[in-house]
Amino acid sequence: MNTKILILSSGLIMLSFLNSCYYDKADVLNDGFICDTTSYTYSGQIQPIISQYCISCHNATTPNGTVRLDNYDQVKMNADNGNLLGAIRHEAGYSNMPKNQPQLNPCNISLIEKWVADGSPNN
Ligand code: HEC
């Protein structure tokens, strides 16, 4: 193997290591707070995010867009049909959520993404 290829491939290996650490462990975001996505349970992380940012507009008395997020079954349904991630990631074809407010921070989005990828368990 010539030196150029060796340097290039070790660079790539180092890059992939760096990349695998991204958001996996405690990580400092731009605004200086620690992002820990090692734990992402419904009761521990997901439900608290939804109560802080979503529930005021998505409950039994105010189900905006006929979407309720005030109990596990409702959140699970919106996780399964893709609306939850579509809305918080601001994907084309979905309404951007939380409505008329800044997008959730990358840490909270990452927590929800991981929980959904895990099958959105009631844990
Ligand atoms: C200030 C009120 C408000 C807040 C806060 C809010 N929503 Fe909404 N949401 C709405 C309204 C109103 C709609 C109906 C569609 C529209 O008008 O954009 C909606 C629609 C939705 C939909 C259906 C989207 C679609 O494209 O079909 C989802 C899913 C949703 N919201 C999730 C959330 C989540 C998750 C949060 C918190 C991160 C949140 N919303 C916070 C008002 C709100």
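Note that the structure is a prediction, hence the values are computed from the model and not measured. Counting convention: from 1, in listed order, for ligands and their atoms alike.
A donor-acceptor contact shorter than 3.5 Å links the side chain of Asn59 to the backbone of Ile55. Under the 3.5 Å distance criterion, the side-chain polar atoms of Lys76 are matched with a main-chain donor or acceptor of Gly119. Panel note: side chain Gln45, backbone Leu111; no donor-acceptor pair is recorded below 3.5 Å.
Screening Ile49, Val75, Thr37 for a side chain to side chain contact (heavy atoms under 4.5 Å, CB included) involving Ile112 leaves a single residue, Ile49.
For the pair His58/Gln74, no side-chain contact is recorded, criterion being any heavy-atom separation below 4.5 Å from C-beta on. Side-chain contact check for Ser120 versus Asp80: some heavy-atom pair is nearer than 4.5 Å. For the pair Thr62 and Ser56, the minimum side-chain heavy-atom distance is 4.5 Å or more. Here the side chains of Trp115 and Asn123 are in contact, with some heavy-atom distance below 4.5 Å.
Residue Gln101 places no N or O, backbone or side chain, under 3.5 Å from any N or O of ligand 1. Between Lys99 and ligand 1, an N or O atom pair is found at a separation short of 3.5 Å.
Near Val67, meaning under 4.0 Å from one of its heavy atoms, ligand 1 places the atoms 22 (C), 23 (C). Here is the list of ligand 1 atoms found below 4.0 Å of a heavy atom in Leu84: 35 (C). Each of the following atoms of ligand 1 lies closer than 4.0 Å to a heavy atom of Tyr94: 26 (O). Each of the atoms 5 (C), 37 (C), 41 (C) of ligand 1 lies under 4.0 Å from some heavy atom of Tyr53.
The protein heavy-atom contact nearest to atom 20 (C) of ligand 1 is Met97 CE, 3.4 Å. Atom 43 (C) of ligand 1 has Cys57 CB, 3.3 Å as its closest protein atom, hydrogens excluded (heavy atom only). Scanning all protein heavy atoms for the shortest distance to atom 15 (C) of ligand 1 gives Ser95 OG, 3.5 Å.
In the hydrophobic cluster analysis, where Ile, Leu, Val, Met, Phe, Trp and Tyr join through side-chain heavy atoms closer than 4.5 angstrom, Ile50 is grouped apart from Tyr94. No single ILVMFWY cluster, assembled from side-chain heavy atoms under 4.5 Å apart, contains both Met77 and Val116.
The shortest separation from a heavy atom of Leu69 to ligand 1 is under 4.0 Å, placing the residue in contact. Heavy-atom distances between Asn100 and ligand 1 stay at or above 4.0 Å for every pair.
At a heavy-atom distance under 4.0 Å, no atom of Ile49 approaches ligand 1.
Across Asn64, Asn83, Asn81, heavy-atom proximity to atom 10 (C) of ligand 1 is greatest for Asn64. Of the options Cys54, Gly65, Ala79, Ser51, the smallest heavy-atom separation from atom 38 (C) of ligand 1 is shown by Cys54. Residue His58 holds the heavy atom nearest to atom 40 (N) of ligand 1 of all those in His58, Glu91, Gln103, Arg68.
Distance screen at 4.0 Å: atom 7 (N) of ligand 1 has a protein heavy-atom neighbour inside the cut-off.
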